[in-house]
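We number each residue from 1, following the sequence as shown.
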Amino acid sequence: MRPPSERLELPDAWGTSRASRLFPGCWLAHADLHNHTWLSDGAGDPRLAFASMRAAGLDVAALTDHSRWASVFLNVAKAPGWTGIDGRAWRQTNALAAAANADGEFVALHGFEWSHAAYGHMNVWNSERFTDPLRTAPTMGRFWRWLETRGDDGLAGFNHPGTGRLRFGAFGYRPAMAQRLVSLELFNKLEDYLLKDTDRGKQSPLNQCLNAGWRVGLLGVTDEHGPDWGHPEGKGRAGLWVAELTRAGVLEALAARRFFASRVKGLRLDAALTSLAGGGARERARMGTAVAHPGGPVRVEVDLSRGEAWEGRRLGVQVLRPGERLPTLAAAVEAALPGPSEPVLSLELDLDPADGDWVVLRVTDPAEPPDPRATGEWAGQGRAIAYASPFWLKPPA
């Protein structure tokens, strides 16, 4: 099988191989799926955005200007940026994405950010229709119904969770959206949202979302509002494991939750979980998928690299499980990053499905200070730099 493009056969702009050491057949594409322009409240010309992100080493990018209540202007005049985009401006970003898209070289997606002051913000990518909170007010349920009917050809994600006081209606689960609600942002701009508002007694957004039943992958985004899309350091981004560098390939990877959140440019992360309980064949499950496990020992393998520059660098890996306010820290290890001829990072631990069905891997730099909201055992792990999409435990057939 031929690779999707010559670009993906080569190391990325930071010298990292794009090939997974755990699962052959897919390649790493660097992505940023949440960006703004002066069409809403950004500072940059939308005509320059995709070229800027491609020049910065990204393989996949999206424009997702805010939709708020610009439609009250009824397209008679250009709405002020703080009101968000209307349908006309949304169609303009669609055309820019179509012009910038080049299969095998660079994937440009269109989208919009539904932005509600109380419930929160959600991205919608690749839909054929547009809406805003003015049309779907006053309840969260009206927007869900729009996604389930008129917006049923797009993918959606929870953005910077916790900034709306009602948190998407407490992440109320919608079975009709189970397949198309694909992501939860854990890195947005410079912030890690794992511990958002936990210092004020609230639940971790990760814990609350996954415990509500959503099977989302974990995303990092820059949420860029400036004119230098893709270039700032330290902001969130994502790694997608794509079978081909096309729009269809990117949308398939998102729907499969085959991606991870990062805030280090050029980072490669892939992860596998294998049930060691009982006899019979033992199949590796990839992050973003379910694994049959009755309880007992599992093996976790982590393919983590950032090229030669990071070989030997010590990083931490934590295994997160369901909890009440915070996730439970089920295991934590620290190890030096291996070279390409050395074994990948591996650990074994017991997992009981009775404790909950999800497992998340978190990668930290112990040499960097932890999140200021971290206390107890969390404070000793260092600064988070990546999250793998979850595994879900299911009963054996």
**Asked** Looking at Gln179 and Arg257, what are the two nearest heavy atoms and their distance?
**Response**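 Taking every non-hydrogen atom into account, O-NH1, 3.0 Å.
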**Item:** Heavy-atom pair of closest approach, residues Arg68 and Pro133
**Value:** O-CD, 3.0 Å
Do [X] and [Y] belong to the same hydrophobic cluster, where Ile, Leu, Val, Met, Phe, Trp and Tyr are linked whenever their side-chain heavy atoms lie under 4.5 Å apart, directly or via other members?
| X | Y | result |
| --- | --- | --- |
| Val298 | Val317 | yes |
| Leu315 | Met287 | yes |
| Leu254 | Trp27 | yes |
| Val264 | Leu28 | yes |
| Val359 | Leu329 | no |

Polar side-chain atom of [X] near backbone of [Y] as donor-acceptor pair, under 3.5 Å:
| X | Y | value |
| --- | --- | --- |
| Ser389 | Phe260 | no |
| Arg142 | Arg135 | yes |
| Asp65 | Thr37 | yes |
| Ser204 | Leu194 | yes |
| Arg321 | Ala330 | no |
| Gln381 | Glu377 | yes |
| Arg180 | Ala178 | no |

For the atom pair [atom1] ([X]) and [atom2] ([Y]), what is the distance rounded to the nearest 0.5 Å?
| X | Y | atom1 | atom2 | result |
| --- | --- | --- | --- | --- |
| Asp132 | Trp90 | CG | CH2 | 12.0 Å |
| Leu349 | Leu351 | CG | CG | 4.5 Å |
| Lys265 | Asp12 | NZ | CG | 11.5 Å |
| Arg362 | Leu218 | CZ | CG | 12.0 Å |
| Lys202 | Arg165 | NZ | CZ | 9.5 Å |
| Ser305 | Glu311 | OG | CD | 7.0 Å |

Pairs meeting criterion ring-ring contact (aromatic ring centres under 6.0 Å, His included) with involvement of [range], two or more places apart:
| range | result |
| --- | --- |
| residues 188-227 | His36-His225, His66-His225, Trp144-Trp214, Phe158-Trp214, Tyr173-Trp214 |
| residues 289-329 | none |
| residues 367-397 | Phe187-Tyr387 |

Partners passing side-chain contact (heavy atoms from CB on, under 4.5 Å) against [X] (at least two apart in sequence or in another chain):
| X | answer |
| --- | --- |
| Asn211 | Gln203, Asn207, Pro322, Trp358 |
| Ser346 | Arg299, Glu301 |
| Ala43 | Pro227 |
| Ala102 | Arg54, Glu105 |

**Asked** Under a 4.5 Å cut-off applied to non-hydrogen side-chain atoms, are Arg268 and Trp241 in contact?
**Response**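 When only atoms from C-beta onward are counted, Trp241 and Arg268 do touch, with a gap below 4.5 Å.
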**Message:** Taking the basic N atoms (NZ, or NE/NH1/NH2) and the acidic carboxylate oxygens, is any pair closer than 4.0 Å for Arg258 and Glu252?
**Reply:** yes
**No-hydrogen, no-angle side-chain donor-acceptor test under 3.5 Å, Ser52 and Asp228** =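 There is no such pair (donor and acceptor under 3.5 Å, judged by atom type) between the side chains of Ser52 and Asp228.
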**Request:** Sequence neighbours left out, what passes ring-ring contact (aromatic ring centres under 6.0 Å, His included) with His231? Give chain and number order.
**Result:** none
**ring-ring contact (aromatic ring centres under 6.0 Å, His included) partners of Trp114, counting only residues at least two apart** = His116, Phe143
**Asked** With Lys235, which of Thr222, Val221, Asp223 fulfils side-chain contact (heavy atoms from CB on, under 4.5 Å)?
**Response**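 Considering Thr222, Val221, Asp223, a side-chain contact (heavy atoms from CB on, under 4.5 Å) with Lys235 is found only for Thr222.
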**Request:** Take Glu368 and Arg313 through the salt bridge (Lys or Arg N to Asp or Glu O under 4.0 Å) test and state the conclusion after the steps.
**Result:** CA-CA 13 Å; Glu368 295 290 331; Arg313 183 167 180 159; 5.2 Å; no
**Fill in**
In short, side chain to side chain donor-acceptor pair (under 3.5 Å) pairs touching residues 327-338 with sequence neighbours left out are Arg314-Glu334
**Prompt:** Hey, what's the ring geometry for His34 with His160, parallel, tilted or perpendicular (30° and 60° as the breaks)?
**Reply:** tilted
**Asked** If you link I, L, V, M, F, W and Y whenever their side-chain heavy atoms are under 4.5 Å apart, who else ends up in the same group as Phe106?
**Response** Leu48, Phe50, Met53, Leu58, Leu63, Leu96, Trp229
**Message:** Once salt bridge (Lys or Arg N to Asp or Glu O under 4.0 Å) is applied, what residue pairs with a partner in residues 19-40 remain, sequence neighbours excluded?
**Reply:** none
